[in-house]
Amino acid sequence: MMTGMVPGGSPGPASSAGIVATFPATSNQTLYWREALQPRTGTALNAAFRRRIEGRISDSAISHALQALVDRHEILRTRFRETAEGTLVQEVLATLAFKPDLVDLRHMPSPQREAELERLGAAEARKPFAIVAGQIAAPLFRVLVVRLSQELAYVHFTFHHLVIDGWSVDIVIDEFARLAAARDAGKSADLPPVEMQFGDFAMWQTDVLASGALDAERDYWRDRLAGLPRFEVQPDRLAPPRDGDGEIRSILLSPELSAAFESLARAHSHTAFSMASAAAAAALHLITGEAEVVLGTQMACREDPEAEAIVGPLLNTVILRVPAHGSDRFLAFAAAVRASALEALQHQALPFGEVLHDAGASREVDRSPLYSVNLVVQRTNIASASALDRDYGAFRVASAASHSSGALWDLSLFMVQREEGWRLSCEGARALYDTATIDALLAVWRRVIEGAVAHPDAALADLAKLEAHERRPWLRQIETVAPAVVRAPPPAPVRRNPRLEALEDRITVLQPDGADVPVIAINNASVLYPVARAIGSDHPFYDIAFCPSPVRVALPRRHFQDHARDAVEMIRLARPDGPYVLFGLWIMEANAIESARFL
């Protein structure tokens, strides 16, 4: 059993007798493990964030809340071990006593106090979780509480990516605050029971991969990544192997420009993600001059309601390939980016670790596999979104900018919505990029957004005029996944996924024309045909069937929500852009409601 307290999350002794469950690591956890062993990674797999606590909260309430979190969520008391066969497993400990580190700065003068707060936060973010003899001990998180006054404190959380993702952070913060507030008020927090632990998800994913249910996804990604070029922004120096050190620079769009950007997205049926991705890809094309932009981005992968409350790394990575030419009109280019993102979303189920393995991508000591530029677009931000500011009894949990734990990619782009406007950020590997280079990239990105808002149908080349120092064409041959290829030609048409072909065959067009909102009915085309006629010609009308005849592909038995996901795929195949009117009869009415929730 565990013995003693674990101050700040430092590992304590545990014997095999204290293990209550052993699960296989997920494919992505195994990827993180391999990445953690690379010298270039450093502490970049740390997930560091902090919150500002305004009001009265006791040290005992903080400690109680953190212990309760560890007791509730198995992943927070899980350790990792590599077996003699080289397989990574995760072992859940029966108990783990946890205490935060507490630092009181109330005695210091204000200027020194603020400086010490920042120094402590930066040090916490960069403190490693050590892998020793093929093991990493629990807990894989730590907490530092810094008090600045009687009614002001900062709580620093640092997790390893093996146990957390951005969605989970929101769960942890909310439950922590509710537990602490209830403790100080002498009440029960009344949190709902945890129905599914991360180990359950790991077992489920292992079974799905072994069943072959994701083979069509494998085929899609093999085809999609064939001949993938190594897209990079020319570095300031070809450095020796990196140490994971990074620098983050940011700029804030004005409220007027932010509002205009959102209006442009809505006017052309874009999400914030697809429009922001288009602007980022256009900026990267103008900077590099490359005919294809390659970006990595992350998906939450929590479409199943049962997965919404899991604390653990469910997040998955997908790759966007975007052909670009200076003569492309921005709106047409943005539509192509949206289509690429939608296609990636429809194939997000295959873990990125599996994608890397199937692509034959090697893990090099000085670079990330397959892509070097990552993009994150967030309407709420785990580090600083005002949407997460909330009152909990006698205190308020407020946003606070976090410290960088290191650069996992050569360049990481962030577009984050804040109350005062959208914030553009770029984290660059210090070994590769100077501060001036990162600032120049951000300046081009902002000018592209300004140009797109002012002239949405302008050619990419006309969105922003670049100065000489802002252009960074790649000066050496681009490497590809297939080493024999020097530069990839424009991408060939992707071989159609047989599963999508089968779904497409199950779409019946009952009324093809009309400028009004399309109506999508689920099943029973013969019954619904007169309904389509009665609605009239202003509404396009489609039926999607769940009982195709003949059946061209064998689909495994699936949960109700999985059928709703099939419906969503068919809806998007029929009409890529919403809005929609959905309906069905009897049980298909419930399917229509569930499909609407996913959409």
Side-chain angles (χ1 to χ4, degrees), residues 166 231 233 248-288 293-300 315 317-324 328-345 348 371 373-387 409 411-428 438 441-458 460 463-464 576-578:
F231 176 85
V233 175
I248 298 179
R249 304 285 290 178
S250 300
I251 58 176
L252 188 66
L253 303 186
S254 69
E256 295 77 17
L257 180 57
S258 298
F261 168 79
E262 294 178 13
S263 295
L264 178 66
R266 287 193 299 269
H268 298 279
S269 302
H270 279 271
T271 62
F273 174 80
S274 63
M275 187 59 78
S277 299
L284 289 169
H285 163 70
L286 294 177
I287 290 168
T288 64
V293 175
V294 179
L295 292 169
T297 191
Q298 284 68 49
M299 304 286 183
L315 168 147
T317 294
V318 297
I319 292 180
L320 307 181
R321 298 183 67 169
V322 184
D328 293 341
R329 301 294 172 178
F330 178 75
L331 286 179
F333 177 77
V337 173
R338 178 178 55 197
S340 179
L342 176 59
E343 201 171 83
L345 179 66
Q348 64 176 307
Y371 71 99
V373 182
N374 195 70
L375 173 68
V376 173
V377 180
Q378 292 178 333
R379 283 197 173 275
T380 57
N381 177 28
I382 65 174
S384 59
S386 60
W409 295 277
L411 290 170
S412 293
L413 306 180
F414 303 90
M415 187 165 182
V416 180
Q417 187 184 38
R418 301 185 64 175
E419 187 175 14
E420 59 270 34
W422 283 87
R423 185 187 67 194
L424 308 183
S425 299
C426 178
E427 180 175 37
I438 300 172
L441 189 155
L442 289 171
V444 173
W445 193 3
R446 174 165 53 189
R447 296 208 304 275
V448 165
I449 293 174
E450 292 170 342
V453 165
H455 305 287
D457 207 35
L460 297 187
L463 290 176
D577 304 321

- [ ] Using modelled atom types only, decide if a donor and an acceptor are shared between the side chain of S412 and the backbone of N374 within a distance under 3.5 Å.
- [x] no
Open item on the list: Can you confirm whether F330 sits close enough to L460 that some side-chain heavy atom of one is under 4.5 Å from a side-chain heavy atom of the other?
Closed with: yes
Task: Heavy-atom donor-acceptor pair, R249 side chain to G428 backbone, under 3.5 Å - done: no
TODO: For residues S269 and R338, report the shortest heavy-atom separation together with the two atoms involved.
DONE: O-NH1, 3.0 Å
Task: Min side-chain heavy-atom separation R446-L442 under 4.5 Å - done: no
- [ ] Write down the atom of A279, the atom of V448, and the distance for their closest heavy-atom approach.
- [x] O-CG1, 3.6 Å
Task: Which atom of P456 lies closest to which atom of L264, heavy atoms considered - done: CB-CD1, 3.8 Å
Task: Distance (rounded to the nearest 0.5 Å) between I319 CD1 and F231 CZ - done: 13.0 Å
- [ ] Could you check R418 against S258 for side-chain contact (heavy atoms from CB on, under 4.5 Å), going step by step and ending with a plain yes or no?
- [x] CA-CA 10 Å; R418 301 185 64 175; S258 298; over 6 Å; no
Open item on the list: I'd like to check W422 versus I449 (side-chain heavy atoms, cut-off strictly below 4.5 Å). Are they in contact?
Closed with: no
- [ ] Report yes if the side chains of L253 and F261 come closer than 4.5 Å at any heavy-atom pair, otherwise no.
- [x] no
Task: Separation between CG of L411 and CD1 of I438, rounded to the nearest 0.5 Å - done: 7.0 Å
Task: Taking every non-hydrogen atom, the tightest pair across A281 and F333 - done: CB-CZ, 3.8 Å
Task: Test item: S340 side-chain N/O and A336 main-chain N/O as donor-acceptor pair under 3.5 Å - done: no
Task: Inter-residue atom distance T317.OG1 - Q298.CD, 0.5 Å rounding - done: 4.0 Å
Task: Minimal non-hydrogen separation, I248 against S250, with atom names - done: CG2-OG, 4.1 Å
TODO: Would you give the length of the straight line joining atom CG of L295 to atom CG of L284, rounded to the nearest 0.5 angstrom?
DONE: 6.0 Å
- [ ] Hey, could you give me the CD/CD distance between Q417 and Q378, rounded to the nearest 0.5 Å?
- [x] 11.0 Å
Task: Spacing of L413 atom CG and W445 atom CH2 [to the nearest 0.5 Å] - done: 5.0 Å
Task: Minimum heavy-atom distance S277-V337, with the two atoms named - done: CB-CG1, 3.8 Å
TODO: Would you mind reporting whether V373 and V294 have side-chain heavy atoms less than 4.5 Å apart?
DONE: no
